[in-house]
Undergrad: 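Here it is: the structure, laid out below.
Note that the structure is a prediction, hence the values are computed from the model and not measured. Basis for what follows: all heavy atoms, side chains included, without hydrogens, waters or symmetry-related copies.
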Amino acid sequence: MFNQFTFVILKAQNDTGWFTSDNPVIIDWKDNIEAWMVPPQAEIYFPLSGDYLVFMYNHRVKTTNPIAFLPKDEVSEVTSEMQHSIMMNQITRSANKYYICCTDLGVVDVRKS
């Protein structure tokens, strides 16, 4: 099924990163939940690490998502805070219980909480 999908690899900006969650593969169904396991209109976000995210979409389906117009088969850096924010919203809304981020919180004393 994924042979119909095109992959775009996105590198986060230097001072930001990609979160992930206990539900790491985010599928934007585009309101098309029928008998499909993954409908052709779906767009998929998959954080690979704190620095890289794979965006997948079906190149045969018309989309207005600006990420789909980035170069394929090479790494593109996200330069728009809006793009980063939209993708982070998709990621954080998909979490069941936990977020995973690449930020060093230092030593946290939970006894003071």
Undergrad: As an exercise, state the distance from CD1 of I44 to CG of L53, rounded to the nearest 0.5 Å.
TA: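 So the gap between those two atoms works out to 11.5 Å.
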
Undergrad: Where is the tightest heavy-atom contact between T63 and F69, given as atom of each residue plus distance?
TA: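 For T63 versus F69, the nearest heavy atoms are O-CZ, 3.6 Å.
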
Undergrad: Considering residues at least two apart in sequence or located in another chain, which fulfil the ring-ring contact (aromatic ring centres under 6.0 Å, His included) criterion with F55?
TA: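 Partners of F55 by the ring-ring contact (aromatic ring centres under 6.0 Å, His included) criterion, ordered by chain and then number, come out as Y45, Y57.
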
Undergrad: If you compare all heavy atoms of I9 against all heavy atoms of Y52, which two are closest, and at what distance to 0.1 Å?
TA: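 So the minimum-distance heavy-atom pair works out to CG2-CD2, 4.1 Å.
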
Undergrad: A side-chain contact here means heavy atoms from C-beta on lying under 4.5 Å apart; do L70 and L10 qualify?
TA: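 Yes, at least one pair of side-chain atoms sits under 4.5 Å.
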
Undergrad: Does V61 share a hydrophobic cluster with I67, counting links as ILVMFWY side-chain heavy atoms below 4.5 Å and allowing steps through other members?
TA: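 Not linked; separate clusters.
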
Undergrad: Is the number of heavy atoms from other residues, nucleotides or ligands under 6.0 Å of E74 CD greater than 12?
TA: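 Counting neighbours around CD of E74, more than 12 heavy atoms of other residues, nucleotides or ligands fall under 6.0 Å, so yes.
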
Undergrad: To the nearest 0.5 Å, what is the distance between CD (E43) and CZ (F5)?
TA: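 Rounded to the nearest 0.5 Å, the CD-CZ separation comes out at 9.0 Å.
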
Undergrad: Between W18 and S49, what is the shortest heavy-atom contact and its length?
TA: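 Heavy atoms only, the tightest pair is CB-O, 3.7 Å.
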
Undergrad: Sub-3.5 Å donor-acceptor pair from the side chain of H84 to the main-chain atoms of G17, do we have one?
TA: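 Checking the backbone N and O of G17 against the side chain of H84, a donor-acceptor pair under 3.5 Å is found.
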
Undergrad: I need the minimum non-hydrogen distance between V8 and P71, along with the two atoms involved.
TA: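 Minimum heavy-atom contact is CG1-O, 4.1 Å.
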
